[in-house]
*Asks:* 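Have a look at the structure that comes next, please.
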Amino acid sequence: QVQGAGRADSAFPVTDLAVGVLGAAACEVAALVEQASGQRPDVTVDRPLATRWFSLSIRPEGWAMPPLWDAIAGDYAAQDGWIRLHTNAAHHRAVAARVLG
């Protein structure tokens, strides 16, 4: 069972991953408890808590997180307004460099 609402601020389904991983682990623990006691406890995953735990507790070991934005990504003034360069992907950066010189 999952309770609560919300999701991590991410382009990827991080909250769904957190809920799934914690739920799977809790179900396995419940199975062990059932083997030992004959009674299987209910499993509930708190969605906001799972999101917070994943957001705060998972950190790289032996490497650093890359910068959030590429060095040339950002908003730039243009003759007719503004342009946003999204250059985090290598192929986007290559196209921007080719077009802009």
*Asks:* Mind listing the closest non-hydrogen atom pair of Y76 and L85 along with its distance?
*Replies:* CE1-CD1, 3.7 Å
*Asks:* Mind listing the closest non-hydrogen atom pair of A5 and P48 along with its distance?
*Replies:*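 Nearest pair, atom of A5 first, then P48: O-CG, 3.4 Å.
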*Asks:* Could you report the tightest heavy-atom contact between W63 and P66, atom names first, then the distance?
*Replies:*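 Taking every non-hydrogen atom into account, CZ3-CD, 4.2 Å.
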*Asks:* Donor-acceptor pairs under 3.5 Å, side chain of residues 92-99 to any protein atom, not counting sequence neighbours: which ones?
*Replies:*
residue: H92; atom: ND1; partner: H86; partner atom: O; Å: 3.4
residue: R93; atom: NH1; partner: D70; partner atom: OD1; Å: 2.8
residue: R93; atom: NH1; partner: T87; partner atom: O; Å: 2.9

*Asks:* Test side-chain contact (heavy atoms from CB on, under 4.5 Å) on L17 and F12; report intermediate values, then the result.
*Replies:* CA-CA 9 Å; L17 174 65; F12 303 102; over 6 Å; no
*Asks:* Do you know the tightest heavy-atom contact between A18 and A50?
*Replies:*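 Here A18 and A50 meet closest at CB-O, 3.7 Å.
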*Asks:* Any chance you could measure C27, atom SG, to D42, atom CG, to the nearest 0.5 Å?
*Replies:*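 Atom-to-atom, C27:SG and D42:CG are 10.5 Å apart.
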*Asks:* If you compare all heavy atoms of A8 against all heavy atoms of V14, which two are closest, and at what distance to 0.1 Å?
*Replies:*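 Here A8 and V14 meet closest at CB-CB, 4.1 Å.
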*Asks:* Is there a path of hydrophobic side-chain contacts, each under 4.5 Å between heavy atoms of I/L/V/M/F/W/Y residues, joining I72 to L100?
*Replies:*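 In one cluster with L100: I72, yes.
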*Asks:* CG/L22 to CZ/F54 distance, rounded to the nearest 0.5 angstrom?
*Replies:* 5.5 Å
*Asks:* Just wondering, more than 12 heavy atoms not from D9 lying within 6.0 Å of its CG?
*Replies:*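 No.
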*Asks:* When Q3 is tested against each of T44, L49, V45 for side-chain contact (heavy atoms from CB on, under 4.5 Å), which residue passes?
*Replies:*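 Exactly one candidate clears the test, T44.
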*Asks:* Could you walk me through whether V33 and R40 pass side-chain contact (heavy atoms from CB on, under 4.5 Å), step by step?
*Replies:* CA-CA 6 Å; V33 169; R40 187 181 190 98; over 6 Å; no
*Asks:* So which atom in A26 and which in V43 form the shortest heavy-atom distance, rounded to 0.1 Å?
*Replies:*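 So the minimum-distance heavy-atom pair works out to CB-CG1, 3.4 Å.
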*Asks:* Has the side chain of R7 got a donor or acceptor atom that lies under 3.5 Å from a matching backbone atom of P13?
*Replies:* no
*Asks:* Inspect the contact between D46 and R52 and indicate whether a charged nitrogen and a carboxylate oxygen are less than 4.0 angstrom apart.
*Replies:* no
